[in-house]
Amino acid sequence: MLLKLEPAFKDYLWGGNRLETDFGMHSGLSKTAEAWVLSCHKDGNSTVANGIYRGKTLLEAIKAEGKAVLGTKAENTEDFPILIKFIDAKQNLSVQVHPDDAYAKAHENSLGKTECWYILDCDPDAELIYGLKKEVNKEELTEAIENDTLLEIANSVKVHQGDMFFIPAGTLHAIGKGILVAEIQQSSNVTYRVYDYGRLGADGKPRQLHKQQAADVILRKPSKETGKPMGKAEAFDGYQKQLLTECPLFKVERVKVDTAYTGKANADSFVSVLIVSGEGHIENGGETLSFKKGNSFFLSADSGAFKVTGNVEFLETRV
């Protein structure tokens with residue numbers, strides 16, 4: 001089963017308009033901060049754009065087909081395991097942290113959130129926050145949170161196009177202004193905002209902070225900086241492939257196609273194909289669909305070989 005997906009959009013105050021101008025996405029919003037391009041989350045479902053499920057949500061299509069379309073690696077998961085977004089940060093995002101599964105289940109009745117960022121584009125001097133500069137104890141961390149001095153111990157990292165950051169749950173982090181990313185994450189929307197630059201929300205009031213929860217879950221040792229892909233690019237006939245990151249939750253590879261690439265959706269996992277540049281066609285099961293930059297596809301587990309043709313770069317994600 002090959003499904004082309006339409007995203008759910010978010011208009012958070014820090015967002016810009018690059019998803020519309022650069023990717024041709026028409027959200028109808030004054031600013032488009034995020035496009036949830038592969039999502040079965042209740043806060044923003046992707047919608048199917050082709051075939052018998054056209055107009056249905058991805059979640060509705062999966063329920064109709066049966067959980068086997070997710071693959072054996074997801075057979076014991078209660079919810080769809082992965083959420084993929086484009087994020088356009090015209091302004092700094094809040095400094096934040098996500099809980100792990102145990103804390104999120106106990107306090108939020110939700111999955112935790114481990115994620116990764118692939119830097120699609122960025123301003124020349126763009127930076128993000130990734131972990132802490134040094135190890136601190138709980139008292140020092142709490143004091144920095146309460147006194148709004150957290151930025152003094154936060155680790156700032158300059159970013160470049162093509163960088164890949166793996167962000168385990170508990171890692172203090174923030175995308176900085178002028179950065180455009182593709183984010184692959186657990187299917188969770190639990191965020192503990194701990195510092196927000198004194199900004200006001202749409203209602204004219206400061207946005208809610210979650211200082212106690214953040215103090216509970218922030219990893220107090222410096223995080224290992226992971227700005228580079230895990231693997232080296234390997235050249236094949238017609239394409240290059242590179243491992244960006246891999247963990248028990250997801251595996252993400254970057255594929256650069258000059259002419260054609262053939263992949264395979266096995267029984268163990270569905271496959272997400274996210275087009276980050278170029279245009280062309282994707283074929284599977286006798287169906288051929290065209291694509292352009294920004295398009296997202298879901299291939300069900302065990303749907304077999306799929307072929308991507310064109311001059312294109314895409315992210316291939318599996319459980």
Side-chain angles (χ1 to χ4, degrees), residues 4-49 55-60 80 82-98 108 110-111 113 115-123 126-129 159 165 167 173-210 214 272 274-276 292-296 298 315:
K4 188 175 186 178
L5 303 176
E6 297 293 341
F9 296 107
K10 303 294 179 180
D11 62 349
Y12 304 132
L13 60 84
W14 43 260
N17 59 7
R18 292 192 63 181
L19 296 181
E20 183 163 351
T21 60
D22 295 12
F23 286 80
M25 296 181 176
H26 303 296
S27 68
L29 304 172
S30 60
K31 59 182 69 174
T32 307
E34 296 183 354
W36 293 19
V37 292
L38 177 79
S39 173
C40 289
H41 197 279
K42 61 182 177 61
D43 293 340
N45 265 277
S46 302
T47 305
V48 180
K56 301 289 187 181
T57 66
L58 175 58
L59 180 59
E60 288 172 328
F80 188 78
I82 292 174
L83 198 162
I84 300 179
K85 307 171 178 176
F86 286 125
I87 301 176
D88 174 22
K90 186 175 182 180
Q91 302 297 331
N92 292 326
L93 273 69
S94 62
V95 183
Q96 57 190 241
V97 66
H98 307 300
E108 310 289 349
S110 171
L111 290 173
K113 186 174 171 184
E115 61 190 6
C116 62
W117 295 331
Y118 177 64
I119 308 300
L120 296 168
D121 198 11
C122 58
D123 291 347
E127 295 183 344
L128 55 78
I129 290 173
V159 299
F165 291 86
I167 304 148
H173 63 276
I175 301 173
K177 64 181 180 180
I179 301 177
L180 184 68
V181 310
E183 177 177 283
I184 296 92
Q185 59 160 93
Q186 284 181 275
S187 185
S188 170
N189 202 26
V190 178
T191 296
Y192 296 144
R193 189 184 299 125
V194 61
Y195 181 75
D196 198 33
Y197 305 94
R199 291 183 294 202
L200 303 179
D203 60 1
K205 300 177 181 179
R207 297 199 296 170
Q208 182 182 7
L209 299 180
H210 311 88
S272 164
L274 180 62
I275 310 300
V276 298
K292 62 180 181 178
K293 178 180 177 179
N295 285 164
S296 172
F298 171 90
L315 302 183

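Applying side-chain contact (heavy atoms from CB on, under 4.5 Å) to Trp14 and the options Lys177, Arg199, Lys31 leaves one that passes, Arg199. Tyr192 pairs with exactly one of His210, Gln96, Glu108 by the side chain to side chain donor-acceptor pair (under 3.5 Å) rule, that one being Glu108. A side-chain contact (heavy atoms from CB on, under 4.5 Å) with Met25 holds for exactly one of Val37, Asn17, Asn295, Thr32; it is Val37.
Pairing each heavy atom of Ile275 with each of Phe86, the nearest pair is O-CZ, 4.0 Å. In this structure, Leu200 and Pro206 approach most closely via the heavy-atom pair CD2-N, 3.5 Å. Across all their heavy atoms, Ser296 and Leu274 have their closest contact at CB-CD1, 4.0 Å.
Looking only at side-chain heavy atoms (C-beta outward), Val159 and Phe165 come within less than 4.5 Å of each other.
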**OP:** Please step through salt bridge (Lys or Arg N to Asp or Glu O under 4.0 Å) for the pair Asp88 and Arg18, ending with a clear verdict.
**Re:** CA-CA 7 Å; Asp88 174 22; Arg18 292 192 63 181; 5.2 Å; no
**OP:** Give the intermediate values and the outcome of side chain to side chain contact (heavy atoms under 4.5 Å, CB included) for residues Leu5 and Val48.
**Re:** CA-CA 5 Å; Leu5 303 176; Val48 180; 4.2 Å; yes
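Counted within 6.0 Å of NZ on Lys10, heavy atoms from surrounding residues, nucleotides or ligands total more than 12; the atom is thus considered enclosed. Atom NZ of Lys293 sits in a crowded spot, with more than 12 heavy atoms from other residues, nucleotides or ligands closer than 6.0 Å.
For the atom pair CG (Leu59) and SG (Cys40), the distance works out to 5.0 Å, reported to the nearest 0.5 Å. For the atom pair OH of Tyr197 and CG of Leu93, the computed distance is 8.5 Å after rounding to the nearest 0.5 Å. Remark: Ile84 CD1 to Tyr118 OH distance equals 14.0 Å, nearest 0.5 Å. Atoms CG and CD, from Leu13 and Gln91 in turn, are 9.0 Å apart once rounded to the nearest 0.5 Å. Separation of atoms CD (Gln185) and SG (Cys116) is listed at 9.5 Å; rounding is to 0.5 Å.
Using bins of under 30°, 30° to 60° and over 60° for the plane-to-plane angle, the ring pair Trp36/His41 lands in the perpendicular bin.
Under the 3.5 Å distance criterion, with hydrogens and angles disregarded, no donor-acceptor pair is assigned to the side chains of His98 and Gln186.
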